[in-house]
Protein chains: 2
Amino acid sequence: MMRQLLTLFVILPVLLLWQNSLAEGCPADNNTVRGTGDLGIVIERASGSVQIIETSHNTSLGRVEGLGDLSHASAVYSRDERYAYVFGRDGGLSKIDILNKKLVKRILQSGNSIGGAISQDGRLVAVSNYTPGGVKIFDADSLELVANIPATYGNHLQRSKVIGLVDAPGRKFVFSLWDAGEIWVADLSSPGNPTITKFKDIGKNPYDGLITPDGRYYIAGLFGEDGMALLDLWHLDAGVKRILDHYGKGEQKLPVFKMPHLEGWAIAGNLAFVPAVGRHEVLVIDMLDWSEAGRIKVHGQPVFVMARPDGRHVWVNFAVPDNDTLQVIDSQSLQIIKTLTPGKGVLHMEFEPRGEQVWASVRDEDRLAVFDTETFEQLNTLEAQKPSGIFFTSRAHRTGL
Amino acid sequence: MMRQLLTLFVILPVLLLWQNSLAEGCPADNNTVRGTGDLGIVIERASGSVQIIETSHNTSLGRVEGLGDLSHASAVYSRDERYAYVFGRDGGLSKIDILNKKLVKRILQSGNSIGGAISQDGRLVAVSNYTPGGVKIFDADSLELVANIPATYGNHLQRSKVIGLVDAPGRKFVFSLWDAGEIWVADLSSPGNPTITKFKDIGKNPYDGLITPDGRYYIAGLFGEDGMALLDLWHLDAGVKRILDHYGKGEQKLPVFKMPHLEGWAIAGNLAFVPAVGRHEVLVIDMLDWSEAGRIKVHGQPVFVMARPDGRHVWVNFAVPDNDTLQVIDSQSLQIIKTLTPGKGVLHMEFEPRGEQVWASVRDEDRLAVFDTETFEQLNTLEAQKPSGIFFTSRAHRTGL
């Protein structure tokens with residue numbers, strides 16, 4: 001009997017070791033075996049964390065912390081929709097495994113940065129930096145530095161802040177130089193050795209840029225003067241054109257409480273919907289000739305102007321003091337068909353991939369609100385810590401997001 | 001000593017059972033813990049199987065068998081991009097878990113069917129049936145029948161074959177009745193009790209239909225006469241219009257080796273590219289007024305005419321005897337810029353979500369060919385058993401695919 005017990009004491013530890021080794025082969029929990037097409041992250045700026053959510057049942061799956069300063073943070077996704085790359089304001093670039101809810105790697109790649117992009121093929125992640133001004137390109141798997149593009153200009157002693165960085169078809173990145181008033185197109189076909197095409201004198205202080213969903217037109221908004229700079233990436237030789245001379249603050253320099261975002265440009269058919277600068281207006285642009293096709297009076301200074309994926313409605317949020325409100329514009333009648341007041345601090349919206357629901361961040365109420373885009377009924381509200389940007393994995397399949 | 005051995009014999013089975021129970025808690029292999037945004041399936045029609053592939057490294061992940069008659073089969077995806085719904089010719093509807101490479105459920109829902117769709121919210125799967133003619137709607141989770149829409153017409157004793165079934169925003173499905181010459185819009189807002197809007201006398205023998213990527217326009221091609229039937233889903237009251245009176249076989253009734261597919265309609269800016277019927281031509285349509293904007297001479301009778309996601313190039317494959325060839329059209333110059341001959345039996349193409357590569361089925365060589373869409377270089381070739389349709393998970397996020 002004693003002997004049998006001894007044998008057990010010998011075998012038991014072996015047995016436990018074996019169990020552990022098997023257990024390590026397993027995912028942390030079975031939620032890790034799931035599709036990733038209905039996942040997303042929400043930036044929680046105050047706490048330097050992101051919340052991972054899913055849109056099939058509108059629930060929270062967890063939180064990843066330790067991401068540094070996430071004010072004005074944005075994110076892109078790996079081509080398999082498993083990893084989120086989060087661009088922090090402090091120069092931090094974080095790679096998050098949203099299946100295992102783990103921070104995979106975090107690097108501090110500059111002193112101050114503003115957004116990034118992922119290449120068409122998903123191999124390269126680019127970050128646009130203020131200090132030192134330029135763009136850094138990283139391997140999407142390892143976050144190893146692949147290329148460094150300092151935004152030098154003039155006598156080449158100065159470096160410009162870089163803004164409006166987007167990906168374009170063919171392993172290209174396009175961005176603007178705030179101080180220099182230039183647009184650069186970087187071709188990363190041979191990653192270590194980028195080819196840069198520079199367009200100078202495009203206008204004073206480009207403050208943000210966007211690329212049309214087809215990846216053809218890059219447009220930079222100007223802070224230093226009215227109008228916008230347009231570059232047709234299919235015809236680089238044609239150079240940069242000025243469009244919308246009346247777009248901007250105008251002569252009597254209006255106070256601007258928050259510069260509008262251009263990423264959220266709404267496109268419905270041939271019409272684009274743009275937040276006016278300073279004015280309580282949404283501008284309508286005919287993309288066939290880039291002329292102004294109308295102005296829609298709205299509740300406040302628009303920040304994001306976003307089309308429902310089918311283009312039939314355009315949703316708008318506003319700068320302080322009107323940031324408790326959302327308005328919905330009919331893209332045909334150009335009328336406001338709905339005004340919602342989700343609560344104080346509506347900072348961002350994200351449509352579900354096919355548009356049946358939309359998520360909104362209500363920062364000052366520490367929650368997310370989900371709306372049915374047909375009935376405008378609020379379907380869900382989820383707790384979140386000072387939420388700002390919302391980013392769904394379906395962005396992985398799109399250009400310029 | 002003998003006693004210790006005995007003890008081992010007692011403990012060993014327990015130990016093995018334990019190992020198994022732990023192992024079952026794990027995924028079959030660690031490939032099941034992965035993102036699903038870069039996955040896809042390939043229909044292997046002769047063997048009634050689908051091959052599961054991934055587009056990040058262009059490899060095969062496995063095969064699922066026992067899917068019945070897959071001639072002319074197509075597939076849609078669950079909103080989380082984990083499950084594929086495969087529509088077989090024999091009325092079979094199969095739900096496949098592409099992570100675990102398992103057939104989850106298969107039902108025989110009719111005697112003869114042709115394609116299906118999944119609702120905007122991913123809750124409902126619809127199948128269009130020849131015999132008995134109609135549409136059946138199933139719960140996407142359980143494949144339980146939710147609604148049955150028999151395609152009765154005339155004296156209501158006859159039932160029509162149903163074709164051109166697509167999903168539309170707002171839990172709607174749109175389809176056409178081959179024998180009746182009607183287009184029906186089914187609203188599944190209350191799933192058990194669909195509301196049907198019928199449009200009669202839309203033209204003789206609609207043979208296929210498509211919906212524009214924004215989900216606004218439904219277009220049916222007519223086999224019994226020239227022209228196409230156009231329905232603006234934003235203005236159902238305006239009814240069905242006839243467009244492209246010259247679209248079709250014309251007076252001198254050309255032999256048609258294979259009816260072209262409309263699903264693959266290419267849209268670039270305002271231009272749509274359509275396979276001509278019988279003729280060696282691709283038609284160009286100005287979507288602003290639905291008028292013919294040109295005809296492009298091509299190598300044979302076009303079958304699929306598909307735009308690269310950025311709309312800059314349009315890829316075309318052909319009916320026998322020219323089905324060994326692919327041609328690429330520049331959407332601006334309307335010129336053919338490349339002719340490829342991947343091999344005999346090029347049945348289908350699928351672009352990677354952001355368009356940098358395209359996959360082609362080369363049926364008679366039992367392989368898949370992957371091309372770089374910029375250099376046109378063949379990057380990979382993969383073994384496949386008589387491959388036909390190729391469907392990537394990114395379709396989950398799109399309307400009408």
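So you know, we letter chains A, B, ... as the sequences are listed, proteins then strands, and number each from 1.
Interface check for chain A: of the options B/Ile118, B/Ile98, B/Asp97, the most heavy-atom pairs under 4.5 Å are formed by B/Ile118. Chain A forms more heavy-atom pairs under 4.5 Å with one residue of B/Glu54, B/His235, B/Gln357 than with any other, namely B/His235. For the set A/Gln332, A/Arg171, A/Arg354, the entry with the most heavy-atom pairs within less than 4.5 Å of chain B is A/Arg354. Put simply, of B/Gln120, B/Arg82, B/Arg308, B/Arg398, the one with the most heavy-atom pairs under 4.5 Å next to chain A is B/Gln120.
Side-chain atoms of B/Thr393 come within 3.5 Å of backbone atoms of B/Leu39 as a donor-acceptor pair (strictly under, hydrogens ignored). Looking at B/Lys338, its side chain never comes within 3.5 Å of a backbone N or O of B/Trp315 through a donor-acceptor pair. Of the possible polar contacts, one joining the B/Lys95 side chain to the B/Ala140 backbone as a donor-acceptor pair under 3.5 Å is found.
Looking at B/Thr55, both its backbone and its side chain come within 4.5 Å of chain A, counting heavy atoms on both sides. Proximity to chain A is limited to the side chain of B/Asn270, based on heavy atoms less than 4.5 angstrom apart. Contact of B/Ser119 with chain A is made through the backbone alone, with heavy-atom distances under 4.5 Å. Neither the backbone nor the side chain of A/Asp372 comes within less than 4.5 Å of any heavy atom in chain B. Using a 4.5 Å cut-off between heavy atoms, B/Glu374 does not touch chain A at all.
We find that B/Arg312 and B/Asp310 are not joined by a salt bridge, their nearest charged nitrogen and carboxylate oxygen being 4.0 Å or further apart. A salt bridge between A/Glu356 and B/Arg79 is present, with a side-chain N of the basic residue lying under 4.0 Å from a carboxylate O of the acidic one. Salt-bridge annotation for A/Arg216 and A/Asp232: present, with a side-chain N of the basic residue lying under 4.0 Å from a carboxylate O of the acidic one.
Contact annotation: the side chain of A/Thr399 never approaches that of A/Asp214 to less than 4.5 Å [non-hydrogen atoms, C-beta and beyond].
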